[in-house]
Structure formats: structure tokens, C-alpha cells
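What you see is a predicted model; the values in this text were computed from it and never measured.
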Number of protein chains: 2
Amino acid sequence: MSVADRKAREKEALKMLILKGAKKLFIEKGIEQTTIRNIADEIDYSVGTVYVYFKDKNAILHDLHSIGFQELGGYFKDLFKIEDPMERLRKMGFVYIKFAIENSEMYDLMFNLKAPIEFLTNCDNEDWDEGVTTFGALKETVNQCMQKGHFEGNSLEALSFMIWSLVHGMCCLEIRQRTKGVKFTNPDTILYDGYNEFLKIIDKM
Amino acid sequence: MSVADRKAREKEALKMLILKGAKKLFIEKGIEQTTIRNIADEIDYSVGTVYVYFKDKNAILHDLHSIGFQELGGYFKDLFKIEDPMERLRKMGFVYIKFAIENSEMYDLMFNLKAPIEFLTNCDNEDWDEGVTTFGALKETVNQCMQKGHFEGNSLEALSFMIWSLVHGMCCLEIRQRTKGVKFTNPDTILYDGYNEFLKIIDKM
DNA sequence: TTTTATTTTTGAACAACGTTCATTTTTTTG
DNA sequence: CAAAAAAATGAACGTTGTTCAAAAATAAAA
């Protein structure tokens with residue numbers, strides 16, 4: 001175990017410490033309200049150190065967005081034990097909404113904020129791996145549904161995108177407070193109510 | 001026609017000039033990339049003047065968001081000539097998507113950015129009038145569809161919210177570049193393709 | 001151990017941001 | 001034309017993300 005190895009481990013540890021501190025503050029007071037100085041203070045390092053470990057704020061936001069996808073993976077884990085693809089599809093939507101509600105700041109970062117995609121663009125990285133993988137999981141389930149005879153006449157890719165958009169749209173409107181202003185009869189359950197309307201419709205498909 | 005009247009008119013005119021300049025820059029280089037100094041330069045006034053006519057940046061963004069809803073109203077106008085509510089509902093989705101694509105920066109401001117809602121909250125204004133009205137137009141059309149026997153067993157409010165979310169979600173994913181990273185077979189038409197999948201499904205309802 | 005070399009950390013400094021407000025300029029009134 | 005009122009100004013403030021020469025800490029060499 002060489003010195004270089006230990007240094008590498010320490011470097012990784014400090015990087016994680018920064019991300020952990022950043023995540024804590026993001027959840028506590030919002031991403032936009034959190035400054036690099038806040039993060040440095042939180043972990044008792046100077047601003048300069050943060051910039052040794054991350055190119056810029058976008059780099060922190062991107063890495064945290066990736067952590068968010070790992071966490072979403074945790075929420076999704078049990079889904080793949082469900083044999084019936086239609087049942088899995090139904091539950092997947094509920095789990096997705098649950099994740100968005102329980103981790104709204106992270107959800108916003110993963111699916112709405114420009115920073116993570118800007119970071120990829122700056123790195124000349126064309127692909128949004130986390131998005132591709134997650135959308136792939138949905139598409140695979142929809143595909144199995146179609147092979148069982150559901151959604152006849154539909155296109156796999158476009159239909160999957162529509163379903164993703166449906167749940168994402170609800171979460172987005174909620175997180176960006178567009179549901180608050182509209183004043184629904186049952187504001188606390190409108191996301192699940194809305195999704196249930198979709199389930200009612202596809203039950204007949 | 002008193003002096004006070006003319007002053008009031010001039011005041012309104014300058015307010016509009018500021019909004020016009022702001023909108024131009026927002027569309028040209030994005031909302032986040034546009035500063036108050038840029039807006040002041042654009043219309044050949046000083047920064048201080050902008051702050052005489054608007055409390056803060058959120059106030060400008062809120063007023064511009066309202067103008068966006070007027071413009072959306074222009075897109076919607078012809079829809080209400082359509083007698084058949086199902087046909088109107090179908091077209092409404094297309095028009096909504098068209099507006100979002102052709103006015104992405106305005107759409108983002110209207111339905112995604114925090115500023116307009118923050119402004120309302122700061123003014124102790126509970127209602128998001130523009131949102132209530134627009135959602136009302138959708139709800140009314142869905143209601144007419146239900147009265148013609150469509151969407152049996154569905155709830156008006158929740159179903160309308162689901163439809164709104166569906167189109168909003170697609171627009172949002174597109175504008176925030178989440179469709180770009182996923183690399184669809186037909187990226188240029190994926191919004192319309194996705195919406196068409198929904199139409200295929202409700203055609204049977 | 002002591003000295004030298006390397007790595008890590010630091011925080012003052014910079015440009016740009018939204019915002020404020022005493023001052024100046026312009027317009028209206030008497 | 002002078003006084004009063006209204007409108008416009010831009011320097012200045014606090015905060016932001018970011019940089020970088022200097023300092024501190026650690027590793028390697030003597």
C-alpha cells in the first residue's frame with residue numbers, strides 16, 4: 001500500500017466530504033441559496049480547496065446529480081422482482097413520484113436544472129448516461145408489456161417517452177409550485193390522483 | 001387631458017419599453033444570461049431607472065410571464081371555434097407543444113422558473129391567476145368531453161391535471177435538454193410523436 | 001535528523017451580479 | 001424667470017463564482 005495509494009484514497013474521501021456537505025446544504029436551504037463559501041464552511045475547509053477538487057460549481061452539481069440517480073436506483077430496486085410487466089409499470093410510476101416528492105431538491109437537480117447537462121456539454125460529453133439508463137429501464141418494462149399484448153398499435157420509444165413525461169410533468173409542476181397556485185381540491189394527493197387517472201385509462205389497454 | 005394623465009401614460013410606456021427590451025434579450029441570450037445592466041443598456045436608460053419602474057428582477061420576470069400567457073392565449077384563440085370537444089382537446093395539446101417549442105424561453109419562465117411564483121408569494125398573492133385561467137380552459141374542454149360520454153369513470157380535475165402534466169413534461173424535458181442526452185430515434189419530432197401515442201390511447205376512450 | 005522537494009491548503013483579490021440612494025437633470029408650477 | 005416637483009442617474013454596497021501567488025503541511029533525500 002504505497003503513499004500514492006493513500007493520497008488517492010484521501011483525495012477521494014475529501015471529494016466525497018465536499019459532496020456530502022453540499023448535499024446537506026442543498027436539502028436544507030435549496031441549491032440556489034447555497035454558495036461555495038457555505039459548502040467550504042460546512043466542512044471546515046477554505047473556498048480554494050473546493051476548487052482543487054472540483055473544476056467549478058457545475059462539476060459539484062453534476063456529481064451530486066449522479067448520486068441522485070444512485071438513490072433513485074435504490075427506490076427502483078424492488079420493482080424488478082415484480083414479474084408482471086404491467087404491474088411493474090404501474091408501481092414504477094408511483095415509486096418515481098414518491099422519489100420526487102421525498103427528494104424534491106435532488107429531483108430538480110437530476111431532471112430540471114441546467115447545470116448537470118451544461119457540465120456534460122462543457123466536457124464534450126454527448127451522452128447523459130444516467131438518463132439513458134433510467135429511461136432504458138422504463139422502456140424495457142413497456143416493451144415487456146407490449147409483448148404481452150398491451151398497447152397494441154403504439155410505438156415503444158414514443159409511448160415510453162410519453163409515460164416518462166407524464167410523471168415528470170406532475171413532479172415538475174409540483175416542485176416548481178405550479179400546483180400550489182392552481183389550488184386543487186386535494187393538493188396533497190393530486191400527483192397520485194393524476195397518475196391514477198392514467199392507470200384507469202391504461203387498465204383498459 | 002391633464003399633465004398627470006400624460007405622465008401616467010409615459011410611465012406605462014417606459015415600463016413597457018423595459019419589458020420589451022428585457023424580452024428581446026431573454027430570447028436572444030437566455031434569461032439567466034441577461035442582467036439588469038444589459039436591459040438598461042438595451043433601452044438607453046440607466047440601471048437606476050429600471051428600479052424606479054420595477055421593484056426587483058422578479059417583478060420584471062413576473063410581468064413578462066404574464067405577457068407570455070397573453071401570447072399563449074393568441075395561440076389558443078382558434079381552438080374555441082372547434083365544436084367537438086375531443087377534437088379541440090387533441091388540437092389543444094398540439095398548440096401547447098407548438099407554443100413551448102417556438103417560445104421556449106417564455107415557456108420556461110411561465111411554467112418552470114421560480115421567479116414569477118416567488119414574486120406572487122412576496123406580494124402575499126395566493127393565486128396564480130394566469131395558471132388558474134389556462135388550466136380552467138383545459139378543464140372546461142375535458143368536462144365537455146366527459147359530458148359527451150368520454151373518459152367514463154375518470155375524475156375531471158385529476159384527469160385534466162394528468163393531461164396538462166403530460167404535455168408540460170414533454171416540453172420541460174425538451175427545454176431542459178433531457179431529450180437531447182437520451183438520443184431518440186427522431187429527436188426533432190419526439191414531442192409530437194409522444195403526444196400522438198397519448199392520442200392513440202384516448203381515441204379508444 | 002536536517003534539508004530539500006513536492007503536495008495541499010489557504011484567503012485575499014477580481015470581475016460581475018442585483019440592488020440602493022444621494023445627487024443631478026429635467027419638467028412642471030406659480 | 002424662479003421655485004418646487006418629478007424623473008433619471010451612476011457610484012457604491014454586499015454577495016456571488018472563481019483565480020492564484022503565497023503559506024503550510026507532508027514526503028523524499030541528504
Ring geometry between B/Phe111 and B/Tyr107 (parallel below 30°, tilted from 30 to 60°, perpendicular above 60°): tilted

Nucleotide nearest [X] when distance is taken to its side chain, options [options]:
X: B/Tyr45; options: D/dG10, D/dA8, D/dA6; result: D/dA8
X: B/Val52; options: D/dG17, D/dA8, C/dT28; result: D/dA8
X: B/Lys7; options: D/dT9, D/dA6, C/dT8; result: D/dA6
X: A/Tyr51; options: D/dT18, D/dA11, C/dG18; result: D/dT18
X: B/Asp56; options: D/dT18, C/dT19, C/dT10; result: C/dT19

Carboxylate-amine/guanidinium contact B/Lys15 B/Glu12, below 4.0 Å: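 Judged by the 4.0 Å cut-off on N to carboxylate O distance, B/Lys15 and B/Glu12 do not form a salt bridge.
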
Pair B/Asp203 + B/Lys200, salt bridge at N-O below 4.0 Å: no

Figure out the [atom1]/[atom2] separation between [X] and [N], and round it to whole Å.
X: B/Ile36; N: D/dA8; atom1: CD1; atom2: P; answer: 16 Å
X: A/Gln33; N: D/dG17; atom1: CD; atom2: P; answer: 11 Å
X: B/Glu10; N: D/dA7; atom1: CD; atom2: C1'; answer: 10 Å
X: B/Glu32; N: D/dG17; atom1: CD; atom2: C1'; answer: 14 Å
X: B/Asp44; N: D/dT9; atom1: CG; atom2: P; answer: 9 Å
X: B/Ile43; N: D/dA7; atom1: CD1; atom2: P; answer: 16 Å
X: B/Ile39; N: C/dT19; atom1: CD1; atom2: C1'; answer: 13 Å
X: A/Leu61; N: D/dG17; atom1: CG; atom2: P; answer: 10 Å

Applying a 4.0 Å non-hydrogen cut-off, can you work out what [X] is touching in the nucleic acid: base, sugar-phosphate, or nothing?
X: B/Lys11; answer: nothing
X: A/Thr49; answer: base
X: A/Phe54; answer: nothing
X: B/Leu14; answer: sugar-phosphate

Validation row, ring centre A/Tyr195 to ring centre A/Tyr96 under 6.0 Å: no

N or O in side chain of A/Arg37 less than 4.0 angstrom from C/dG11 OP1/OP2: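 So the side-chain polar atoms of A/Arg37 never come under 4.0 Å of the phosphate oxygens OP1 or OP2 of C/dG11.
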
More than 12 heavy atoms of other groups within 6.0 Å of B/Glu10 CD: yes

